[in-house]
J.: 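Please read through the structure below; I'll follow up with questions.
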Amino acid sequence: MTSGLPSPGDDLPARCAQVVRARTDLLSSVGLVLGSGLGPAIGDELEIEGSFAFTELPGFPPSGVPGHAGTLSLGRLAGVAVAAFSGRVHYYEGHGMDVPALLPRLAHELGASTMVLTAAVGGLQPGVEAGTVVILRDHLNLMGVSPLRAWRYPDGMPAFINTEEVYDREIGDLAVERADALGIHAVHGVYAAMSGPAYETPIEVGMLQRLGATVVGMSMVPEALPALALGMRVLGICSLTNAFGEHVTHEEVVRVSNETALAVGRLLVDLLPRLPGPKAGT
Ligand code: HPA
């Protein structure tokens, strides 16, 4: 039997945490990743205790996509201690999967037991409109590689982790319930992860639809699986920026995402204080 959690075996999260700890000793309970246009989602609500550019954190590259700020802020959101990444690192930028994995690894190192991942997505099903919030039930990893490639348990075993419930059911159900209570249109869905950066061809959209996916995006999975491997609960909140059959451009994705950001921010502020504690046994 294996013991302990899988790990890629480098000390980057510990070195990043050293940089963070020089400015704040806040123990985070939730890690938060704010995707395209979602940076302003928590706007003034976050009481910041320490802010760090990705360039200050060992192993983090500067975030190079317009609309992705590239900062880590430690602070309190609705009274909950969070490590909030504004902007993320994408596989399509040319990094290995080890780089996006640093976000959940650092959040875990800073104390977080839950990882909340937000992202903009395209719709794959007719009738699901732009502006809808999609809470993930599952994913389909079509990026061509697992983010856990090369991860090992302390005894050398590869990370053969169970993925029946990557996205925590209890939190996912709570998120849809709270969205309903707040008058925010939210549905459960399945995320198809593509490596990008080109958007999908019409034939690819049809393929993903037939495979059972609800939405498509170019992130989420490289952070969700490492978070799961570290024993964290994971919540995936997607903002649907382009509905099935709509013409898609990056500018439009950021514009609609900015519009939906307010709703996602309200949902986060309502939801965070209601989140369950760490998973049993972690
Ligand atoms: N495809 C992939 N990623 C996306 C999309 C899309 O249509 N919209 C927002 N992110």
Side-chain angles (χ1 to χ4, degrees), residues 32-41 63-70 85-95 97 99-100 103 116-145 147 166-167 184-225 235-265 267:
L32 187 57
V33 180
L34 301 163
S36 295
L38 285 166
S63 180
V65 180
H68 299 248
F85 297 92
S86 212
R88 54 157 53 88
V89 190
H90 296 90
Y91 184 57
Y92 62 68
E93 291 171 70
H95 310 295
M97 284 287 186
V99 186
L103 280 69
V116 178
L117 306 171
T118 68
V121 290
L124 296 169
Q125 305 289 342
V128 188
E129 289 169 15
T132 302
V133 172
V134 181
I135 304 295
L136 298 187
R137 268 283 193 243
D138 204 346
H139 72 226
L140 190 58
N141 180 11
L142 297 172
M143 296 181 115
V145 61
V166 176
Y167 304 92
I184 295 166
H185 180 51
V187 295
H188 290 290
V190 173
Y191 184 102
M194 300 290 276
S195 61
Y199 291 112
E200 300 66 41
T201 65
I203 290 288
E204 286 166 344
V205 167
M207 170 189 78
L208 298 174
Q209 196 185 64
R210 266 173 245 130
L211 289 175
T214 324
V215 295
V216 55
M218 307 172 190
S219 60
M220 192 62 69
V221 171
E223 296 147 5
L225 280 180
L235 170 65
I237 304 181
C238 300
S239 124
L240 199 147
T241 53
N242 46 293
F244 171 73
E246 267 178 16
H247 184 72
V248 55
T249 62
H250 179 65
E251 291 68 31
E252 187 65 1
V253 166
V254 173
R255 192 187 65 75
V256 179
S257 192
N258 280 331
E259 279 176 18
T260 321
L262 214 63
V264 174
L267 178 58

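Every number for a ligand or one of its atoms is a count from 1 in the order of the listing.
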J.: Heavy-atom pairs closer than 4.0 Å: do any link ligand 1 to the side chain of Thr241, the backbone, both, or neither?
T.: side chain
J.: Taking 4.0 angstrom as the limit and counting only heavy atoms of Ala120, give me the atoms of ligand 1 inside it, by number and element.
T.: 9 (C), 10 (N)
J.: As an exercise, state the distance from CG of Leu267 to CD1 of Ile135, rounded to the nearest 0.5 Å.
T.: 5.5 Å
J.: Calculate, to the nearest 0.5 Å, the distance between atoms CG and CD1 belonging to Leu208 and Ile203 respectively.
T.: 11.5 Å
J.: May I ask you to check if ligand 1 and Val248 share an N or O to N or O distance below 3.5 Å?
T.: no
J.: Report the part of Val121 (side chain from C-beta onward, or backbone N, CA, C, O) that has a heavy atom under 4.0 Å from ligand 1; answer both or neither where that applies.
T.: backbone
J.: If only atom types and distance count, is the side chain of Gln125 paired as donor or acceptor with the main-chain N or O of Ala213 below 3.5 Å?
T.: yes
J.: Give the numbers and elements of all ligand 1 atoms closer than 4.0 Å to a heavy atom of Met218.
T.: 2 (C), 3 (N)
J.: Closest heavy-atom contact between His90 and His95?
T.: O-CD2, 3.5 Å
J.: In terms of atom number and element, which parts of ligand 1 are under 4.0 angstrom from non-hydrogen atoms of Asn242?
T.: 5 (C), 6 (C), 7 (O), 8 (N), 9 (C)
J.: Is any side-chain heavy atom of Met143 less than 4.5 Å from a side-chain heavy atom of Met97?
T.: yes
J.: Considering only protein heavy atoms, which is closest to atom 3 (N) of ligand 1, and at what distance to one decimal place?
T.: Gly217 CA, 3.4 Å
J.: Testing the basics here: between Val190 and Gly212, what is the closest heavy-atom pair and its distance to 0.1 Å?
T.: CB-O, 3.8 Å
J.: Measure the distance from atom 5 (C) of ligand 1 to every protein heavy atom, then report the residue, atom name and distance (to 0.1 Å) of the closest one.
T.: Gly122 N, 3.3 Å
J.: Quick check for you: to the nearest 0.5 Å, what is the distance between Phe244 atom CZ and Thr214 atom OG1?
T.: 13.0 Å
J.: Could you tell me, atom by atom, which parts of ligand 1 come under 4.0 Å of a heavy atom of Glu200?
T.: 1 (N), 2 (C), 6 (C), 7 (O)
